[in-house]
Number of protein chains: 2
Amino acid sequence: MQKEYILSKNQKIIFDLIDKSAEPMKAYAILFNVQKKGIKAPLQVYRALDKLVEIGKIHKIESRNAFIACQNSSCQISKATAFSICESCEKVSEINNSKLSKYLSNFEDDSGMRYSKYNLEFFGLCKKCKSK
Amino acid sequence: MQKEYILSKNQKIIFDLIDKSAEPMKAYAILFNVQKKGIKAPLQVYRALDKLVEIGKIHKIESRNAFIACQNSSCQISKATAFSICESCEKVSEINNSKLSKYLSNFEDDSGMRYSKYNLEFFGLCKKCKSK
DNA sequence: AACATTATGTAATAATATAACATTAACAAG
DNA sequence: CTTGTTAATGTTATATTATTACATAATGTT
Ligand SMILES: [Zn+2]
Ligand SMILES: [Zn+2]
Ligand SMILES: [Zn+2]
Ligand SMILES: [Zn+2]
């Protein structure tokens, strides 16, 4: 389970916006949306985003430079993330598959490196887009 | 095996630079390095990078906005990539593990989406940094 | 030669992210 | 309740990453 964490004012404003959004949101789209609430500068957005990522409430989709709310209440605080991304409509979903996460969390290669964290992004066409 | 592909002048200059580099290179570091060879503008770099990524000679490390040469001659042309990244010294290696790539290439979740491509980035401490 | 495709050159600008510094809020210890 | 500490905020400026738009040249095909 995710640890409860009391969000600050800016963090809450920005989390609520991302959480309500159907798609991943970009930092400057967020900024534009929250300007009426008094958040005026990029840095205010990025600071809240950093914190929200750190505590696992949101994740960054690296290939898109965009952020989505964690859709997975049992997510290991941003340490192990997997997403499916439709290359046509850009729909993104967080993958919650215990076999996959177990497999990746236990993965070891021959480098002797032990991994404390991973991020996986799958690309393809979603059902809707495939049938077009 | 990777299909042979004749690189253009700019593509070759930029590929050679990345290929010789021990670490992933960022676009503007590349630009700085190739200015003496007549490549003056960011766009010239980005165009070459795009093509090199497309044909699988290099890969983008999304979490770092940086590029490395493919270290894996049997790599499925950028469709299936996995990397290990040391969070201390930033050393990056391409993982070449057939079990892993088979597992991920065949992965299906319950969304009905079939994936044509993936990118996986593992994070941790490399041997050297762990022993410090 | 005519056409299509790919690559290049150049300037301007857009989009993403951080540095530096000053101030304020929240919280715990004494 | 006040002192010290940490986390969060506000603000300006700037750094970094990436693309648009348009013109030209090289390459490959029929
Ligand atoms: Zn999650
Ligand atoms: Zn789709
Ligand atoms: Zn490769
Ligand atoms: Zn290291």
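All values below were derived from every heavy atom in this structure, side-chain atoms included, with hydrogens, water molecules and symmetry-related copies excluded. So that the names make sense, note that chain A is the first sequence line, chain B the second, and so on, each numbered from 1.
A sub-4.0 Å separation between OP1 or OP2 of D:dG10 and a side-chain N or O of A:K40 is absent. An OP1 or OP2 oxygen of D:dT9 is reached within less than 4.0 angstrom by a side-chain nitrogen or oxygen of A:S8. Contact between the side-chain N/O atoms of A:Q44 and the OP1/OP2 oxygens of D:dT9 is not found at any separation under 4.0 Å.
Atom NZ of B:K102 has 12 or fewer neighbouring heavy atoms from other residues, nucleotides or ligands inside a 6.0 Å radius.
Rounded to whole angstrom, the span from the OH atom of B:Y46 across to the P atom of D:dT20 amounts to 13 Å. Rounded to whole angstrom, the span from the NZ atom of A:K51 across to the C1' atom of D:dT6 amounts to 10 Å. As rounded to whole Å, 13 Å separates atom C1' of D:dA8 from atom CD of A:E54. As rounded to whole Å, 14 Å separates atom C1' of D:dT11 from atom CD of A:Q35. In this structure, the CG atom of A:L31 is 13 Å from the P atom of D:dG10, given to the nearest Å. Between A:R47 atom CZ and D:dT6 atom P the separation is 18 Å, expressed in whole Å. In this structure, A:I39 places its CD1 atom 8 Å from P of D:dT9, rounding to the nearest Å. With rounding to whole Å, B:R64 atom CZ is found 14 Å from D:dA18 atom P.
A heavy-atom distance below 4.5 Å is found between the side chains of A:S63 and A:I61.
Along DNA chain D, the nucleotide nearest to B:D50 and the one nearest to B:I6 differ in position, and the one closer to the 5' end is contacted by B:D50. Heavy-atom distances to DNA chain C give each of B:N65 and B:P42 a nearest nucleotide, and the one nearer the 5′ end belongs to B:P42.
Residue side chain B:Y28 meets the stacking definition with respect to D:dT17: its ring centre sits within less than 5.5 angstrom of the base's six-membered ring centre, and the planes differ by less than 30 degrees.
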Set out, in order, the CA-CA distance, both residues' side-chain angles and the distance that settles salt bridge (Lys or Arg N to Asp or Glu O under 4.0 Å) for B:K12 and B:D16, then state yes or no.
CA-CA 6 Å; B:K12 184 161 176 8; B:D16 286 346; 2.7 Å; yes
Between A:E108 and A:N106, does a side-chain hydrogen bond (donor to acceptor under 3.5 Å, both in side chains) hold up when you go through it step by step?
CA-CA 6 Å; A:E108 286 193 62; A:N106 293 323; over 6 Å; no
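Side-chain heavy atoms closer than 4.5 Å link hydrophobic residues (I, L, V, M, F, W, Y) into clusters, and following such links, possibly through other members, connects A:I30 to A:I13. Linking Ile, Leu, Val, Met, Phe, Trp and Tyr residues whenever their side-chain heavy atoms come within less than 4.5 Å places A:Y115 and B:Y118 in a single cluster.
Applying the side chain to side chain contact (heavy atoms under 4.5 Å, CB included) test between B:E62 and each of A:K60, A:E62, A:R64 identifies A:E62 as the sole match.
Between A:K117 and B:E121, no side-chain nitrogen of the basic residue sits less than 4.0 Å from a carboxylate oxygen of the acidic one, so the salt-bridge criterion is not met. A salt bridge is defined here as a Lys NZ or Arg NE, NH1 or NH2 lying under 4.0 Å from an Asp or Glu carboxylate O, and A:E23 with A:K91 fails to meet this definition.
Put simply, chain B comes within 4.0 Å of DNA chain C, heavy atom to any atom, from C:dA7 to C:dA11, going 5' to 3'.
The ring-ring contact (aromatic ring centres under 6.0 Å, His included) analysis of residues 79-108 of chain B, with sequence neighbours excluded, yields the pairs A:Y103-B:Y103, A:F122-B:F107, B:H59-B:F83.
Base pairing of D:dT30: its partner is C:dA1, meeting the Watson-Crick or G-U wobble criterion (both donor-acceptor distances under 3.5 Å).
DNA chain D lies under 4.0 Å from no heavy atom of any residue of residues 9-18 of chain B.
Checking D:dT9, D:dA18, D:dT20 against the side-chain heavy atoms of B:L43 singles out D:dT20 as nearest.
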